[in-house]
Amino acid sequence: PNRHVLVAEILDTDSPRAWELVSEAYARQAGEFFTKTDLVIVRRIFLSHEPMVLHHAAVIAHQIAARHPTLAVELICTADFGANPRATHDFFMWLAHRQTIPTEVITKPQWEILIQRLARLRELDDHWVRAFLKKAVAESPAEVIKMLQARLVEDARSFEFRTLRRDRKGAGLALLSHSDGITILRDFLAWAVHQQVGRNLAMDIGSTVSGLCGKYGPDVLGLLLELLSGGTQAHVDVVASVLRSAHQTFVLEETPFIRQALNQAEVVSEQAARDLSSALWSATVTGGSGGAVGEPFKEDLDLKAHSEEVLKGLSKLDPMCSFYSDLIRHANENIDRQAREKKAMLEEEE
């Protein structure tokens, strides 16, 4: 009954240790324990920049969310997400978990606050941060794009932030599932082109597009061809960045697109065509191969067979000719390396 007097005496020192003790005490209580007087202190706990205090704040948020999810969101919106990565992980776990905090209790201004404050995190790789962002894309995609643009600009200036992690196999943050997804992505790519005019490509646009959309499908490829029709090196730079983050089997599955893209890039310049070829090469060789030691990897055999098939009937002047010839050489080098490995193993056994 006299806990408020006791807490007030402890907090008179206003020391980090005092706040650690008080926040731990509240973290050990049930959600219905909090009164209006307690909430005055709890609000101050969420405003702390001390890592251990915020650790306890994350526990308190879960307790409050069980009965008052709206209040839990309000408190989390005031927390410092950069002070304690573990606490931030927990905050976004509650926000992303529908049974803990239903999506509908988060107001539009709160979506904006939470999304924009993510812009200051060093990286967005945490599982629950990404789960929250996926919900945010469904609810407020324009705000997510605004936040990512801020990160890209800052990263280009100082390399302080990592861009959104690519997703070469899944659906990313499912931007294209949103009714306005295509329009939003088109506007984002146009913004990226504008950012590249007159400067070297400093932004990892491709990682962001991959993180937003996942494995590229017809919608993304259509936008890339549309972008190439702009006819400048800035357009080519952005498309090349996006293709650099394509899935590893992209060149096996999207030959018609590659033909159109390289032809359009060649209209800009020979260098533009080489830039696109380099990006596609990077996407193909990134990710590695797997199989039995000493035996050719399936990925290399498939790449060689496909490239040989594409080359049939191509003119040597066709920009695809040089690209697929390089892929055959790459596959052959890997196959030969495995053969040498097998020979060495057999000699060692003898």
Contacts under 3.5 angstrom, residues 209-222 side chains, donor-acceptor by atom type, not counting sequence neighbours:
{"unit_1": "Ser210", "atom_1": "OG", "unit_2": "Asp167", "atom_2": "N", "d": "2.9"}
{"unit_1": "Ser210", "atom_1": "OG", "unit_2": "Asp167", "atom_2": "O", "d": "3.2"}
{"unit_1": "Tyr216", "atom_1": "OH", "unit_2": "Val242", "atom_2": "O", "d": "2.7"}

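Rounded to the nearest 0.5 Å, atoms OG1 (Thr232) and CG (Leu227) are 8.0 Å apart.
Partners of Gln260 under the side-chain contact (heavy atoms from CB on, under 4.5 Å) rule, at least two apart in sequence or in another chain, are Leu225. In this structure His56 satisfies the side-chain contact (heavy atoms from CB on, under 4.5 Å) test together with Ser23, Glu24, Ala27, Met52, sequence neighbours excluded. For Ser48, the side-chain contact (heavy atoms from CB on, under 4.5 Å) criterion is met by Glu50, Val53, not counting sequence neighbours. Trp19 pairs by the side chain to side chain donor-acceptor pair (under 3.5 Å) definition with Asp14, not counting sequence neighbours. Residues satisfying the side-chain contact (heavy atoms from CB on, under 4.5 Å) test with Glu295, not counting sequence neighbours, are Ala292, Lys342.
Under a 4.0 Å N-O distance rule, the pair Glu226/Arg186 qualifies as a salt bridge. Lys298 and Asp302 are joined by a salt bridge, as a carboxylate oxygen and a charged side-chain nitrogen come within less than 4.0 angstrom of each other.
Judged by distance alone, the side chains of Gln110 and Thr107 do bring a donor and an acceptor atom under 3.5 Å apart. Side-chain contact check for Asp126 and His89: at least one donor-acceptor pair (N or O, by modelled atom type) lies under 3.5 Å. No hydrogens or angles considered: a donor-acceptor pair under 3.5 Å links the side chains of Thr103 and Lys135. In summary, the side chains of Gln233 and Asp237 do present a donor paired with an acceptor at a separation below 3.5 Å, with no hydrogens or angles considered. Thr35 and Asp38 are linked by a side-chain donor-acceptor pair at a separation below 3.5 angstrom, with hydrogens and angles left out of the test.
Ring centroids of Trp111 and Phe132 are separated by less than 6.0 Å, placing the two rings close together.
Cluster membership for Trp281 and Leu276, using ILVMFWY side-chain heavy atoms within less than 4.5 angstrom, is shared.
Contact of the Leu39 side chain with the Val42 side chain is registered, since non-hydrogen atoms from C-beta on lie closer than 4.5 Å. At least one side-chain heavy atom of Glu74 sits under 4.5 Å from a side-chain heavy atom of Arg43.
Taking the six-membered ring where the residue is Trp, Trp94 and His62 present parallel rings, their angle staying beneath 30° rather than reaching 60°. In this structure, Phe188 and Trp191 have parallel ring planes: the angle between them is below the 30° cut-off, well short of the 60° mark.
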